[in-house]
Student: 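Let me begin by handing over the structure; questions about it come next.
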Amino acid sequence: MNTSTNYLINSEELMSLGYTPGRAFGIALRVAHKHEHLGKEVLLAQLADVLATPEAYLTDAVCSKLAAALIDEASIPEDAYIPLRDAGADYAIYGESHIEAGARTQMAVAMQLPVTVAGALMPDAHQGYGLPIGGVLAVENAVIPYGVGVDIGCRMALSIYDIPKAFFETNQAQFKRELIAQTRFGAGHGFKPDERADHAVLTDAAFGMNPFVADLKDKAWAQLGTSGGGNHFVEFGIIEFAEGDPALGVPAGTYVALLSHSGSRGLGATLAGHYTKLAKELCRLPYEAQNLAYLGLDSEAGQEYWQAMTLAGDYASANHEVIHRKMAAALGAEVLAKVENHHNFAWKEQWNGQEVIVHRKGATPAGKDVLGIIPGSMTAPGFLVRGKGETASINSASHGAGRQMSRTQAIKTISHETMRAQLKQHGVTLVGAGLDEAPMAYKDIHTVMAAQTDLVAVLATFTPRLVRMADDGSRED
DNA sequence: ATGTGC
């Protein structure tokens with residue numbers, strides 16, 4: 001994904017040929033990279049010629065796609081693009097010193113959209129696609145598919161069991177068995193036909209909203225109750241309430257709890273891809289803002305996306321419900337309390353006396369007295385929090401610690417021995433996961449929490465003990 | 001994030 005590494009022909013050279021940033025520009029860079037064996041001079045001459053007469057290259061084995069993109073771009077008049085504002089409004093940043101520059105650049109562009117009302121960057125923010133992860137954007141009467149993200153409705157769910165810590169510690173083998181038996185991980189994975197779960201979401205009329213969505217229902221059913229890959233997990237841990245919480249109905253004390261993190265699987269990903277593509281066709285923005293293409297809420301496409309997003313959110317919730325339902329039944333556990341919050345979604349909310357659409361892409365809703373879960377890492381605590389309703393953060397907080405290292409960097413620099421030692425030191429048993437999910441790849445959650453004391457108050461601390469994540473190819477054992 | 005690509 002990192003396209004900036006040692007290309008024979010770089011962006012500046014392309015620009016000196018007369019290429020301008022856009023889709024064709026990216027294709028030209030890739031063509032040049034793929035055919036480096038031709039040598040720099042030959043490539044530069046060829047790229048200049050394609051730019052001058054793209055029509056002559058429409059059937060060329062190497063440059064046909066580049067030629068088509070150039071013709072396509074030239075056919076769009078300058079004034080077909082929706083202009084950005086010259087200067088974007090200011091936005092609040094929490095924990096700025098730990099946020100990478102790329103995330104701030106993306107947020108600055110988002111602030112220039114003509115529909116933008118307000119924005120904020122959470123302390124776990126990092127660069128994403130369109131809106132940064134950890135970005136919050138309030139807009140007027142529009143929705144941005146990539147402001148929600150690919151994993152629509154991705155969320156945290158916590159079940160607090162009436163099980164003492166001591167019982168967990170003497171029966172860990174049983175908890176581990178059930179963790180493996182009741183959960184499914186891995187990209188593309190679902191349940192076999194005779195293992196499929198049932199849930200009311202499968203009867204949601206929104207599955208019939210159009211043939212495209214209807215086609216996704218069978219896979220959604222197979223994946224109901226699964227967790228997927230990446231940073232998703234299901235884990236047992238110990239949750240400590242220093243004080244009782246009357247609203248939740250949990251007295252002060254220490255309990256065993258189940259915490260899950262996952263989203264809407266293939267269903268949400270397919271819907272996100274489909275509606276982002278549609279938004280890009282209907283909302284032509286300048287190159288740097290193209291991934292922020294928006295749909296008017298009053299438009300047919302906007303209403304369709306909203307309905308699809310709502311379905312994906314309900315489906316993501318059902319996924320967690322199935323996991324938690326199965327686990328409680330398998331353990332014979334009584335659930336004292338449940339907390340759930342999504343952190344990739346768009347909401348209709350009041351902000352500063354005005355109705356806005358708030359996009360939270362990797363940000364926890366933190367309106368006044370709203371409960372949320374902010375996970376740390378597999379060896380660092382997560383927190384059950386209560387929102388303070390801070391206007392400047394648009395009633396939001398971070399959705400975790402955030403990455404300190406990229407996946408590739410983590411795989412390169414962290415050893416299996418180091419990771420094993422870290423897990424052992426914290427008394428954590430891990431099933432699955434690769435080095436890219438090593439705890440050292442994440443920021444210090446305490447630093448992140450310290451940056452958002454104005455946004456949330458901590459109600460309880462959750463310490464992971466038995467963690468399951470997707471297997472990954474880099475594992476050696 | 002996602003079972004499949006510029």
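Reckoned from all heavy atoms, side chains included, excluding hydrogens, waters and symmetry mates. Residue numbers start from 1 in every chain, and the chains themselves are labelled A, B, ... in the order their sequence lines are given, proteins ahead of strands.
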Student: Roughly, in whole Å, what's the span from CG in Asn319(A) to C1' in dA1(B)?
Tutor: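 Rounded to whole Å, this separation is 13 Å.
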Student: Looking across every strand, which nucleic acid part, if any, lies under 4.0 Å from His189(A) by heavy atom: base, sugar-phosphate, or nothing?
Tutor: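 Base, at least one base atom sits under 4.0 Å.
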Student: Just the rounded figure in Å: distance from P of dC6(B) to NZ of Lys34(A).
Tutor: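 Interatomic distance, NZ of Lys34(A) to P of dC6(B): 11 Å.
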Student: Test Ile374(A) against every option in Thr364(A), Val448(A), Leu384(A) by the side-chain contact (heavy atoms from CB on, under 4.5 Å) rule and name the one that passes.
Tutor: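 In the set Thr364(A), Val448(A), Leu384(A), the residue that makes a side-chain contact (heavy atoms from CB on, under 4.5 Å) with Ile374(A) is Thr364(A).
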Student: Look at the rings of Trp347(A) and His342(A) and say which category their plane angle falls in: under 30° parallel, 30 to 60° tilted, over 60° perpendicular.
Tutor: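 Trp347(A) and His342(A): tilted rings.
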Student: Please classify the nucleic acid contact of Gly186(A) as base, sugar-phosphate, or nothing, using heavy-atom distances under 4.0 Å.
Tutor: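 Nothing, no heavy atom under 4.0 Å.
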Student: Please lay out, stage by stage, how Tyr57(A) and Asp49(A) fare under the test side chain to side chain donor-acceptor pair (under 3.5 Å).
Tutor: CA-CA 9 Å; Tyr57(A) 287 88; Asp49(A) 201 46; 2.5 Å; yes
Student: I need the full list of salt bridge (charged side-chain N to carboxylate O under 4.0 Å, His left out) pairs touching residues 202-229 of chain A, with sequence neighbours left out, sorted by first then second residue.
Tutor: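 Only Arg196(A)-Asp218(A) qualify under salt bridge (charged side-chain N to carboxylate O under 4.0 Å, His left out).
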Student: Strictly by modelled atom types, are Ser260(A) and His324(A) linked by a side-chain donor-acceptor pair under 3.5 Å?
Tutor: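 The answer is yes; a qualifying pair exists.
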Student: Does a side-chain N or O of Gln223(A) approach OP1 or OP2 of dG3(B) to a distance below 4.0 Å, or not?
Tutor: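 For dG3(B), OP1 or OP2 has a side-chain N or O of Gln223(A) closer than 4.0 Å.
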Student: Which part of the nucleic acid does Lys219(A) contact within heavy-atom distance under 4.0 Å: base, sugar-phosphate only, or nothing?
Tutor: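 Contact class for Lys219(A): sugar-phosphate only.
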Student: Backbone N or O of Glu55(A) within a donor-acceptor pair of the Thr53(A) side chain at under 3.5 Å?
Tutor: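 No, the answer is negative, given that no donor and acceptor are paired below the 3.5 Å cut-off.
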Student: Measure from CD on Glu437(A) to P on dA1(B) and round the result to the nearest Å.
Tutor: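 Spelled out: CD on Glu437(A) to P on dA1(B) is 7 Å.
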Student: Rounded to whole Å, how long is the line connecting atom NE2 of His342(A) with atom C1' of dA1(B)?
Tutor: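 Taking atom C1' of dA1(B) as the reference, NE2 of His342(A) is at 17 Å.
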Student: Rounded to the nearest angstrom, tell me the gap between atom CD1 in Ile27(A) and atom C1' in dG5(B).
Tutor: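 Result: 14 Å.
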Student: Contacts to DNA chain B from residues 260-267 of chain A, heavy-atom cutoff under 4.0 Å, which residues?
Tutor: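 Under 4.0 Å from DNA chain B: Arg265(A), Gly266(A).
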Student: Separation of Tyr146(A) atom OH from dA1(B) atom C1', in whole Å?
Tutor: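 Rounded to the whole Å, the gap is 10 Å.
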Student: Send over the distance from Tyr315(A) OH to dA1(B) P, rounded to a whole Å.
Tutor: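 It works out to 16 Å between those atoms.
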Student: May I have the distance from Arg155(A) (atom CZ) to dA1(B) (atom P), rounded to whole angstrom?
Tutor: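 Answer to the nearest Å: 16 Å.
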Student: Nearest of dT2(B), dC6(B), dG3(B) to any side-chain atom of Ala269(A)?
Tutor: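 The nucleotide sitting nearest to the side chain is dT2(B).
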Student: Hey, does Gly228(A) reach any base, or is it just sugar-phosphate, or nothing, if we go heavy atoms under 4.0 Å?
Tutor: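 Gly228(A): backbone/sugar contact only, no base atoms under 4.0 Å.
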Student: Looking only at the side chains, is there a donor atom on one of Thr429(A) and Arg465(A) sitting less than 3.5 Å from an acceptor on the other?
Tutor: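 No, no side-chain donor-acceptor contact under 3.5 Å.
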Student: Counting side-chain heavy atoms from C-beta on, which of dG3(B), dA1(B), dC6(B) comes nearest to Arg30(A)?
Tutor: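 Nearest listed nucleotide: dC6(B).
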